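Contents: one structure, followed by commentary.
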There are 2 protein chains.
Amino acid sequence: MTVTIYDVAREAKVSMATVSRVLNGNPNVKPETRKKVKEVIKRLNYRPNAVARGLASKKTTTVGVIIPDISNMYYSSLARGLDDIAEMYNYQTIITNTDHDPEKERDSFLNLVSKQVDGIVFLGGTLNEATIEDIKNSNVPVVICGTSEKDADLPSVNIDYFSAIKEVTERLLEKGSENVYFVKANYSRQLEGRIEDGLKAAYDEAGKSFKEEYIESVAEDYQTGKELFEQLVDHDADVIITMSDEAAVGVLHGALDRGISLPNRLQLISCSNTRLVHMMRPPVTSIAIPLYDIGAVGMRLLTKYMNDETVDEPNVILPYRIEYRLSTK
Amino acid sequence: MTVTIYDVAREAKVSMATVSRVLNGNPNVKPETRKKVKEVIKRLNYRPNAVARGLASKKTTTVGVIIPDISNMYYSSLARGLDDIAEMYNYQTIITNTDHDPEKERDSFLNLVSKQVDGIVFLGGTLNEATIEDIKNSNVPVVICGTSEKDADLPSVNIDYFSAIKEVTERLLEKGSENVYFVKANYSRQLEGRIEDGLKAAYDEAGKSFKEEYIESVAEDYQTGKELFEQLVDHDADVIITMSDEAAVGVLHGALDRGISLPNRLQLISCSNTRLVHMMRPPVTSIAIPLYDIGAVGMRLLTKYMNDETVDEPNVILPYRIEYRLSTK
DNA sequence: TTGAAAGCGCTAACAT
DNA sequence: ATGTTAGCGCTTTCAA
């Protein structure tokens, strides 16, 4: 029924090995033989079975991507960068959503390994001990993107969140801000930890005292951001930094609804850099994380591991930019 | 090195066939044998090789998803619905981006088929003749989501765009609007064609004459929407309907920048229903397409085909809602 | 209830 | 330059 390599071989009056060689671009084939085989392949409309190929060669030209939520712009931007480079290197990507659930993360990983993917990328994962253990036991190349997991000493791609947030906060403090609040989004414990460190460092250097309540709980979406604003305003925040762009919009509208003007009475900064920030009024100052690039570089790094190329620096730090817009002074 | 079914069989002192039976939940295994095998599986930390399994059984528990752009909220919302249901049925999804390129669409399809996926979903695709031909020749179940391809008589999930746009337009015309413009976004030729039909039908029924220039060219993102607004305002549009939410925001800001107030001098309606529309000021009236549900129902439909269940209605039409917000009178 | 053995469709030595 | 053959790790008859 389905055409196999045998059919092609018989029809072209060669052995299946020769067909295989033609398929894989092996130079040891006489040009006219190659031509004949190619013609038969075309005529029979033959397409090699990738599963059989994978079993025989132990390469599936498939990579796994483990991601919290593909419908979140933050992650889908990362994913798009990944996917473009993957395609460039002829890999396809299996994407699984985890909703930040470490158990799902681990399940997905194990599933992908049993599917014999050639490599796996974690995007903004939380990676518990068990998962890290599994990663080390399997010998699948793994790259971690958009979350700093240096401790686990796995290859990674990131920006220097610590410096970014420190730079932003220093400037704010210099200009007279007192209470800089940071709103987490559960994107990654380690990553948000580094942001907190940056915040504290800026306070330290400015000789001001940092209060723990400056770190507010979690808001990853518009509605939560809006609700959260109610609490923050009672704390006399004069600056709010949010991890999530969507939450930033929520805070923005929460403020506007109460007649609080930006940037005079409140300044707002977001830490992602999705297309959203360009679509707000006023446009929101943002740490421009190169999401697409993080994904792209992560995938490129993974290809190096998959092809056993030598890697000079397994922990890549990409440059960030701070885009000052109208939501800050 | 890697543990195989043989290792388990030897260790458990049974044949590999028995191990296979345990693995697949075959009832013909004595309970104590089953117990012993399971224990060895656990002890050796054995995980079946899905590729070998796929080759032997011709089932990969993997489905393909062909999508224009995963970083676009419209599509990623659809994708998330898909993925959740896929996970529920124990499938994983290979996602490929096509950027509306029919050639890429076809390539992806062929690639997925060679990877022996159990089914394929097209999200908002354009599907040229060649691809449709390929689909019919392969016997992989295929479902089309979020674009009306009834002509190709493939299973599909959609909303009734024709009625939705007709309903909206009728009301606008009743209330005195004259020039209702529609801005396409290249989401799907057929789908946008039906929207145009609905627009015309509303004009017909109102006894007013529809002018072809009411249909404006393409704007899929913020910037293009903003630029496009310049042209539209010269045409004396009093209503703009955009396919894309991002483009709607662009139009909105284009209008506000020129001091044109909504909804008095201009009314705005978007046709998608991403989280974006809730985040605008003023909030934009929108045809509430249940994106997540379209994806979810599409995947559910696909599982029916993959399991040879009987399908009563291959062309599902999901209900829509029109959410009137402050951008319209 | 269990085992033996024949594939699944390909790659990759190894011969020739 | 080409063919032969032995797997890859599993599922699935068919026998016992």
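Everything numeric here is computed off the predicted structure, so don't read it as measured data. Numbered from 1 within each chain, the chains take letters A, B, ... in sequence-line order. These values consider heavy atoms only, across backbone and side chains, with no hydrogens, waters or symmetry-generated copies.
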Tell me which donor-acceptor pairs under 3.5 Å the side chains of residues 46-55 of chain A have, and how far apart each pair is, sequence neighbours excluded?
unit_1, atom_1, unit_2, atom_2, d
A/N49, OD1, A/V51, N, 2.7
A/N49, OD1, A/A52, N, 3.1
A/R53, NH2, A/N24, OD1, 3.2

Would you please name every residue forming a side-chain contact (heavy atoms from CB on, under 4.5 Å) with [X], sequence neighbours left out?
| X | answer |
| --- | --- |
| A/D69 | A/S71, A/N72, A/N97, A/D99, B/R80 |
| A/A56 | none |
| B/K59 | B/S57, B/D118 |
| B/E103 | B/D101, B/N128 |

Going by the ring-ring contact (aromatic ring centres under 6.0 Å, His included) test, which pairs reach into residues 49-87 of chain B, not counting sequence neighbours?
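Non-adjacent pairs meeting ring-ring contact (aromatic ring centres under 6.0 Å, His included): B/Y74-B/Y187, B/Y75-B/Y187.
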Spell out protein contact along nucleotides 8-16 of chain D as letters: B when the base is contacted, S when just the sugar-phosphate is, - when no protein heavy atom is under 4.0 Å; keep the 5' to 3' order.
BBBBB----
Residues 32-42 of chain B, side-chain donor-acceptor partners within the protein, below 3.5 Å, at least two apart:
unit_1, atom_1, unit_2, atom_2, d
B/R34, NH2, B/N26, O, 2.9
B/K36, NZ, B/A12, O, 3.3
B/E39, OE2, B/R43, NE, 3.2

Would you work out how much the helix from C/dT1-D/dA16 to C/dT16-D/dA1 bends between its ends, with each end axis defined by five base pairs, to 10 degrees?
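Its terminal axes enclose an angle near 30°.
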Under a 4.0 Å heavy-atom criterion, DNA chain C is touched by chain B from C/dT1 to C/dG9
Contact list for residues 292-304 of chain A, test salt bridge (Lys or Arg N to Asp or Glu O under 4.0 Å), sequence neighbours left out:
A/R300-A/E309
A/K104 and A/D107 ion-paired at < 4.0 Å
no
Under the side chain to side chain donor-acceptor pair (under 3.5 Å) test, residues paired with A/T98 that sit two or more places apart:
none
